[in-house]
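Just so you know, these numbers come straight off a predicted model, no measurement behind them.
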Amino acid sequence: MKNKLAGAIGLLAAGILVLSGCGEGATPLPHDNQIHPEYDNAYVNELFYRNDLGTTAPDPCVIQITDEESTEYGYYYLYGTSDPTMGIRAYRNKDLTGKWEDVTPEKNFLAFHPAAGHYAYGKGAFWAPEVVYDSADGKYYMYYSGALENYGDNLQHRMIGVAVADEPYGPFLPATTDGLDASKTLFDNADMVARMEEMGLDVGRKPNGVDKLFNCIDASPYVAPDGTKYLYFVHEGTAYGLKSDIFAVEMETWTKPVMSTFKRLTRCGYYTVDGEFTDEDGSYVPNYEANNGVNEGPYMYERQQADGSWKYYLTFSINGYMDKSYSVVQAVGDTPMGPFRKLTEKEGGLLISTDWEKFDHVSGTGHHSFVTVDDEIYIVYHEHVARETGGLGPRDVAVDRVLWTKNGNGDEILYCNGPTWSLQPRIAKHSGYSNLAKEAQVKVSGGANAEALTDGLLSIISGNTFVKEYETDKTATITLTFDDYREISAVMVYNSKVFEKSFIDIAKIEFDCKDGVGGVGTAVIEKLAFDWDFYKMATVNLMRPGGSAVAVFNPLMCKEIRITIEVPEERPEDLAIMDEDGYFIKQAAVAVSEIVVLGK
C-alpha cells in the first residue's frame, strides 16, 4: 500500500527536490491529496495521524515515562478498563498517536492481576485505572475500582484500591503501607457513609434496603504546583437510583488520605454544589446535565496566571458511557479543592462531545486524561467503535489536540480540536515536522476573521461562537509570508464546520520557492480536492468537522504561499444547498477554519 503512494509523493527522506520551473514561470507541483479509498484511505503516517481506533481500552489513562533509569524511558504508557474480569493491561508506544503495543505478551503477565485474598478476587469489575509516578520513591501507584460484592442486575459495591510497582508495566501489587493490604480498600465503607450523612448526602443501599454502601470509582491522582497530593474520585450513585458526583481528598502519601479534607466538588445537574447559575443579566441558565445522572472520570489540569496565581480546571464526563452523547466538560476553580463552577455551553463548557449526538462519525467521546508533550496538550479519550449508534460495544482510544483560548467573556479555557476522524498533524516532537503557518505573516485580499486562519483552533461544535472561521463572500486570496525561505512538505486547508459555507475544493495554491541551485519561481497546485466522501455525513448535508484539503509533496524551499478560495457559482448536485422549502439556493459565502503548513 505504501509503495503505491510513494510514487506520487516521493517523499520525506529524499531531501530538497530540485524543482524544474523554480527558475522561471509557474510550474505544476506534483503532489498527493491523501484521498485513497482504493487503499483503505491510506495516508503518509510520517506526517499525519488519524483516529481510526484499534486499541480497546475504555477509560484511558496515559503517562509519559520520565524516569531515565527505567528501561521504558521515552515511552507513553496507556492503562484502561482492558481486562475487567482478570485485572488491567498496560500498552505502550513512543509517539502517543500511533499504534499501541500490548505489553502483556512480552512480559507474560498483566500489569495488575489480583490473587486470592484480594478484596475483589473472583468478582472482577476492575475499572478505570490511573497511574502516577512518584520520583521521590521511584514507584508507580495505580488506582483502580474493584467490586467488593456482586448482587446481580448490575448492582455492585465498588471501591477503590491501590497497587504499587517499580516499573510502568508492573507487576502492580496491592499496597502494604499505611495499614493497607490486598484485602483492604483505600476508603472504609462505614466511615464514608458517616461522612456523607454528615454532609446531608444520600448513599446506596444493599438489596436488603438496610445496609448502606459508599460506591466509589474513577480515582484520579494529581500533584498541585506546590507539591501537595490530591485524589479525585466519584461517588457512583446511578446503580442505586441516585446521581453520581465528584469528590476529592488531600493525600498525605499515595496510600494515606487526609480524611478531614474530604469534599464534594460537583453536583450533577447543577453548575455548582450550591445550586443554580444565573447569567450576567440575572436570567437563569439551565444546566446541560438536566437529564443526566453522571459526573464521572475526573481529571485535573492547571494554568498559571499573569500574577503568579493558578487556575484549576476540573474536567470530567457527563451522560452514561453507553450514550452517544457521553462528553467531557470543564469546571474552573481557584484551588485544587474548589469551589468549582461548571462552564456553560456558551462559555465553552463542552470540551469534547458529539455536539449533542449530531455527529455520525464519532460516539461516546468521554473518560479521558491529558498528556503534555513539550508545549502541546493532548487529550486521550475513548469512543465507541460503533460510531453511529454507540451502546454497549467496544470503546477504543482516540487522541486530539487541546489548546488554551479565551471564550466570549474573555476567560481562559481549555479548547479541544476534536473529536476528529480526519487527518491531523503528528506531534512535532515525534515527526520532526511542525506547523510553520503560525510563524507566517497572514494577509487576505478580502473577507473577515483573517486571524482565525492560524490561531490553531479548529471549528468543531455547532453552537460555539467564540472560535471563529475566516469567511468571504467573493473569491479571495490568503497570503502567508515567511521571513526567510522555509522547507515545507505539506499544506492543510481546513474546511468550515458549516455545510452551507464549505468550499468544494481549493481553487489554487501558489508557492514562491527556490531550487537547489539558486533558481526562483512559483510552483502551483490547481483545484486541490477535498474528500467529500469522508467528510460529509452519510445521510444528511452536514459536515464531519475537522477535515481538510491536503497536499503532500517533496520538500521545497518556500518563502510565500498564496491560497485562492472561491465561492462556488454552482455546487455539485449531491452537495447542493437547499432552503427550508427544499429549493436549491446559491452559496452566499465560503469559510476556512484553519491553515496548517508542515515543514522544518
Side-chain angles (χ1 to χ4, degrees), residues 51 271 277 279-280 285-289 292 301 303 313 315-319 324-332 341-363 365-366 368 377-379 381 383 398 400-422 424 447-471 493-503 535-537 540-548 589-596:
N51 286 319
Y271 284 101
F277 174 68
D279 212 340
E280 293 178 355
V285 180
N287 185 269
Y288 42 74
E289 302 171 8
N292 163 51
Y301 209 84
R303 176 77 160 172
Y313 296 78
T315 58
F316 54 94
S317 294
I318 63 170
N319 303 317
K324 189 173 173 66
S325 61
Y326 196 51
S327 305
V328 177
V329 302
Q330 58 186 315
V332 182
R341 181 177 71 79
K342 301 168 188 175
L343 300 181
T344 67
E345 283 191 78
K346 180 181 176 182
E347 294 172 315
L350 282 177
L351 182 58
I352 190 164
S353 78
T354 57
D355 205 5
W356 300 118
E357 303 190 22
K358 293 173 185 163
F359 298 158
D360 71 346
H361 61 296
V362 288
S363 174
T365 54
H368 68 296
I377 309 169
Y378 290 83
I379 184 171
Y381 58 98
E383 61 179 75
D400 278 306
R401 280 177 170 81
V402 173
L403 301 98
W404 293 102
T405 191
K406 290 186 177 180
N407 62 18
N409 297 335
D411 300 323
E412 197 168 39
I413 66 167
L414 291 160
Y415 181 82
C416 182
N417 281 350
T420 66
W421 187 25
S422 55
Q424 300 300 328
N449 303 325
E451 68 280 359
L453 289 166
T454 56
D455 64 2
L457 306 176
L458 301 187
S459 183
I460 301 288
I461 303 298
S462 61
N464 185 297
T465 59
F466 57 83
V467 174
K468 305 294 185 182
E469 295 182 343
Y470 166 72
E471 185 174 326
V493 184
Y494 284 84
N495 216 333
S496 174
K497 68 183 176 186
V498 181
F499 179 78
E500 292 79 8
K501 295 181 180 179
S502 56
F503 57 73
Y535 297 134
K536 188 182 86 68
M537 293 191 196
V540 294
N541 283 345
L542 293 173
M543 303 297 287
R544 293 171 175 166
S548 62
V590 67
V592 172
S593 173
E594 186 73 12
I595 294 175
V596 169

Engineer: Restricting to non-hydrogen atoms, name the atom on S422 and the atom on G546 that form the minimum distance, rounded to 0.1 Å.
Structural biologist: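 Reported closest heavy-atom pair: OG-O, 2.7 Å.
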Engineer: Ignoring hydrogens and angles, tell me if any N or O in the side chain of D355 forms a donor-acceptor pair with the backbone of S462 under 3.5 Å.
Structural biologist: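 Yes, D355 side chain to S462 backbone: donor-acceptor pair under 3.5 Å.
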Engineer: Among all residues two or more places apart in sequence or in another chain, which pass the side chain to side chain donor-acceptor pair (under 3.5 Å) test with K342?
Structural biologist: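 With sequence neighbours excluded, K342 shows a side chain to side chain donor-acceptor pair (under 3.5 Å) to E289, N295, given in chain and number order.
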Engineer: In Å, rounded to the nearest 0.5 Å, how long is the span from OG of S496 to CE of M543?
Structural biologist: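 Rounded to the nearest 0.5 Å, the OG-CE separation comes out at 7.0 Å.
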Engineer: Out of curiosity, E594 CD to Y470 OH, how far, rounded to the nearest 0.5 Å?
Structural biologist: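 E594 atom CD to Y470 atom OH measures 14.0 Å (nearest 0.5 Å).
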Engineer: Under a 3.5 Å distance rule, please check whether Y326 uses its side chain to pair with a backbone N or O of S353 as donor and acceptor.
Structural biologist: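 Not confirmed, Y326 side chain does not pair with S353 backbone.
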Engineer: Is it true that a side-chain atom of K346 and a backbone atom of L343 form a donor plus acceptor pair closer than 3.5 Å?
Structural biologist: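 No, K346 side chain to L343 backbone: no donor-acceptor pair under 3.5 Å.
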Engineer: Using 30° and 60° as the class boundaries, would you call the ring planes of W404 and Y301 parallel, tilted or perpendicular?
Structural biologist: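 Geometry flag for Y301 against W404: tilted rings.
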Engineer: Just wondering, are more than 12 heavy atoms of other shown residues or ligands nearer than 6.0 Å to NZ in K501?
Structural biologist: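 No, not enclosed.
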Engineer: For residues W421 and Y535, report the shortest heavy-atom separation together with the two atoms involved.
Structural biologist: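 Result for this residue pair: O-CE2, 3.9 Å.
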Engineer: Answer with yes or no whether the side chains of Q424 and D400 bring together a donor and an acceptor at under 3.5 Å.
Structural biologist: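 There is no such pair between these side chains.
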Engineer: Quick check against the 3.5 Å criterion: does N409 have a side-chain atom that pairs as donor or acceptor with the backbone of D411?
Structural biologist: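 Not at all, since once roles are kept as given, no pair shorter than 3.5 Å links the two residues.
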Engineer: Is the backbone N or O of S325 less than 3.5 Å from a side-chain atom of N319, with the two atoms forming a donor-acceptor pair by type?
Structural biologist: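 At least one qualifying donor-acceptor pair exists.
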Engineer: More than 12 heavy atoms of other residues, nucleotides or ligands under 6.0 Å from NZ of K358: yes or no?
Structural biologist: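 Yes, the 6.0 Å shell around NZ holds more than 12 heavy atoms from other groups.
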Engineer: If I take atom CD from residue E347 and atom CG from residue N407, how far apart are they, to the nearest 0.5 angstrom?
Structural biologist: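 CG of N407 is found 6.0 Å from CD of E347.
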Engineer: Are V493 and S548 packed together at the side-chain level, in the sense that at least one heavy-atom pair is separated by less than 4.5 angstrom?
Structural biologist: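 No; the side chains remain at least 4.5 Å from each other.
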Engineer: For a side chain to side chain contact (heavy atoms under 4.5 Å, CB included) check, start with the C-alpha distance between T315 and V329, then their side-chain angles and the critical distance, and finish with the verdict.
Structural biologist: CA-CA 6 Å; T315 58; V329 302; over 6 Å; no
Engineer: What's the verdict on side chain to side chain contact (heavy atoms under 4.5 Å, CB included) for K536 and N541, showing C-alpha distance, side-chain angles and the deciding distance?
Structural biologist: CA-CA 7 Å; K536 188 182 86 68; N541 283 345; 3.3 Å; yes
Engineer: What side-chain donor-acceptor pairs closer than 3.5 Å can you find for residues 452-461, not counting sequence neighbours?
Structural biologist:
residue, atom, partner, partner atom, Å
D455, OD1, L457, N, 2.9
S459, OG, E469, OE2, 3.2
S459, OG, K497, NZ, 3.3

Engineer: side-chain contact (heavy atoms from CB on, under 4.5 Å) with I379: which of T365, L351, N417, L414?
Structural biologist: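 Of the listed options, the one satisfying the test is L351.
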Engineer: Please check if the side chain of S593 supplies one atom and the backbone of Y494 the other of a donor-acceptor pair under 3.5 Å.
Structural biologist: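 Side chain of S593 to backbone of Y494: no pair is present.
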Engineer: Would the distance check show the side chain of K406 and the main-chain N or O of F466 forming a donor-acceptor pair, the cut-off being under 3.5 Å?
Structural biologist: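 No; judged by distance alone, with no hydrogens or angles, the pair does not exist.
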Engineer: Check whether the side chains of S502 and N495 place a donor and an acceptor atom closer than 3.5 Å, and report yes or no.
Structural biologist: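 Note: S502 and N495 side chains miss the donor-acceptor criterion.
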Engineer: Is H361 close to P545 at the side-chain level, that is, under 4.5 Å between some pair of heavy atoms?
Structural biologist: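 Yes, side chains in contact.
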Engineer: Any idea which heavy atoms bring T420 and N51 closest together, and the distance?
Structural biologist: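 Here T420 and N51 meet closest at O-ND2, 3.2 Å.
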Engineer: Heavy atoms only: give me the nearest I318-W356 pair and the separation to one decimal.
Structural biologist: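 It is CD1-CH2, 4.0 Å.
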Engineer: Any donor-acceptor pair under 3.5 Å linking the side chain of Q330 with the backbone of G348?
Structural biologist: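 Judged by distance alone, yes, a pair lies under 3.5 Å.
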